[in-house]
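What's counted below: heavy atoms across the whole structure, side chains too, no hydrogens, waters or symmetry copies.
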Amino acid sequence: SLPSEYFGFNFHGISLIDSWVEIMKLIIKYGKNHSKLMRELQVVQWSFPSSNLGFDELYNLIKEQEIRKMINVTKCDIDEYERSLLDPNNENNQSYTYGERLAPYIPKIIDVLKKNIHSRHAFATTLNLQKDTSQPPCLTYLQILYDNVTESLNMYCVFRSHDIFKASILNACALAYFLKYISNEVGQKPGYVNITSNSAHIYLDDFDNATKLIDCLNGRRKIPLRLD
């Protein structure tokens, strides 16, 4: 990797996919190998408009279903994950689900914003200190704030640990869905999703595939793309 600051990167994309690609480029170019498992940048902030996810362009470039499955961007993956964020049930008895942790906050967030659109109390956390002794959630906190300039609601999220190659698209899609749901209930326009990834990383086992994918999306590799 090239010499650089190790933390404090910021990217404001025109779409989710645009932001995702640029964050992967930053990790590949400037990240540091960490614990022989991953290449990492710390405190990476990235944002995108909730109204523009950018999947049409991605699907036009990547038509192979097996590759879409690898990075969890099939329509089935996305639809199921978006719905799960609003679902308080943990039917498979997992250690936690985001829906289980976030759904109880939804009525309060809606009520708070209906009473005072400028409130700073519209937030949720996934942390449970009694339960999360060994496997705390990767997404730890979110807050929704009203933007007076754009007259819309923006969401600010913090991930303590973030697998950018395989998990972040699903995470970001679901968060955009969450913001649009809250905005609709409150009667406001949804704005930007802003994510802070404290540990933004690509696992070394995925590094070659991530590099190939970036080359493909930049037009430097022939399509169809083959990942290992």
[X] [atom1] to [Y] [atom2] distance, which is reported to the nearest 0.5 Å:
X      : Y      : atom1 : atom2 : result
Leu26  : Trp46  : CG    : CH2   : 12.0 Å
Leu102 : Ile109 : CG    : CD1   : 7.5 Å
Ile195 : Phe11  : CD1   : CZ    : 13.5 Å
Ser199 : Arg160 : OG    : CZ    : 9.0 Å
Leu86  : Asn89  : CG    : CG    : 12.0 Å
Ser168 : Leu16  : OG    : CG    : 7.5 Å

Minimum heavy-atom distance [X]-[Y], with the two atoms named:
X      : Y      : value
Gly99  : Pro104 : O-CD, 4.0 Å
Gly13  : Pro49  : O-CD, 3.5 Å
Leu175 : Cys157 : CD1-SG, 3.7 Å
Ala103 : Pro107 : O-CD, 3.5 Å
His201 : Ser161 : CE1-OG, 3.1 Å
Ser50  : Lys180 : O-NZ, 3.4 Å

Is there a path from [X] to [Y] through hydrophobic residues (I, L, V, M, F, W, Y) whose side chains come within less than 4.5 Å of each other?
X      : Y      : answer
Tyr203 : Leu41  : no
Met70  : Ile28  : yes
Val21  : Ile23  : yes
Tyr146 : Ile144 : yes
Leu85  : Tyr156 : no

Do the side chains of Asp87 and Arg83 get close enough for a salt bridge, i.e. N-O under 4.0 angstrom?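 The answer is no: the pair does not qualify as a salt bridge.
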Salt-bridge test for Asp132 and Arg101: reply yes if a basic N is under 4.0 Å from a carboxylate O, no otherwise. yes
Whether [X] side chain and [Y] backbone form a donor-acceptor pair below 3.5 Å:
X      : Y      : result
Asn154 : Leu145 : no
Arg39  : Leu204 : no
Asn90  : Gln94  : yes
Ser47  : Val193 : no
Ser84  : Tyr81  : yes
Asn33  : Lys36  : no
Glu22  : Ser19  : no
Lys166 : Ile164 : no
Asn128 : Gln130 : yes
Asp18  : Gly54  : no

Side chain to side chain contact (heavy atoms under 4.5 Å, CB included) evaluation trace for Phe55 with Ser15: CA-CA 9 Å; Phe55 280 102; Ser15 71; over 6 Å; no
Under a plain distance cut-off of 3.5 Å, with no hydrogens placed, do Gln143 and Tyr141 share a side-chain donor-acceptor pair? yes
Without hydrogens or angle criteria, can the side chains of His162 and Asn171 be said to hold a donor-acceptor pair below 3.5 Å?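 Judged by distance alone, the side chains do pair up.
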Can you tell me how the ring of Tyr105 sits relative to the ring of Phe123, calling it parallel under 30°, perpendicular over 60° and tilted otherwise?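 Rings of Tyr105 and Phe123: tilted, 30 to 60°.
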CA sep, side-chain torsions, deciding dist, call: Leu170, Val73, side chain to side chain contact (heavy atoms under 4.5 Å, CB included): CA-CA 7 Å; Leu170 269 185; Val73 295; over 6 Å; no
Under 4.5 Å between any side-chain heavy atoms of [X] and [Y], yes or no?
X      : Y      : answer
Pro190 : Leu153 : no
Leu142 : Phe178 : yes
Thr140 : Asn198 : no
Tyr98  : Thr126 : yes
Phe9   : Val43  : no
Ile214 : Lys25  : yes

Given Phe48 and His12, is the ring-ring contact (aromatic ring centres under 6.0 Å, His included) satisfied, shown in steps? CA-CA 6 Å; Phe48 59 91; His12 185 72; 9.7 Å; no
Using side chain to side chain contact (heavy atoms under 4.5 Å, CB included), reason through Glu40 and Ser35 one step at a time and then give a plain yes or no. CA-CA 10 Å; Glu40 178 193 61; Ser35 66; over 6 Å; no
Would Lys108 and Asp111 count as a side chain to side chain contact (heavy atoms under 4.5 Å, CB included) here? Give the steps. CA-CA 5 Å; Lys108 179 182 178 182; Asp111 184 59; 5.6 Å; no
Decide salt bridge (charged side-chain N to carboxylate O under 4.0 Å, His left out) for Lys69 and Asp77; before the verdict, give the C-alpha distance in whole Å, the side-chain angles of both, and the deciding distance to 0.1 Å. CA-CA 8 Å; Lys69 289 179 181 178; Asp77 289 331; over 6 Å; no
Pick out which of Asn194, Val158, Asn10 makes a side chain to side chain contact (heavy atoms under 4.5 Å, CB included) with Gln45. Asn10
Check against side-chain hydrogen bond (donor to acceptor under 3.5 Å, both in side chains), Thr150 and Asp147: CA-CA 6 Å; Thr150 61; Asp147 185 338; 3.3 Å; yes
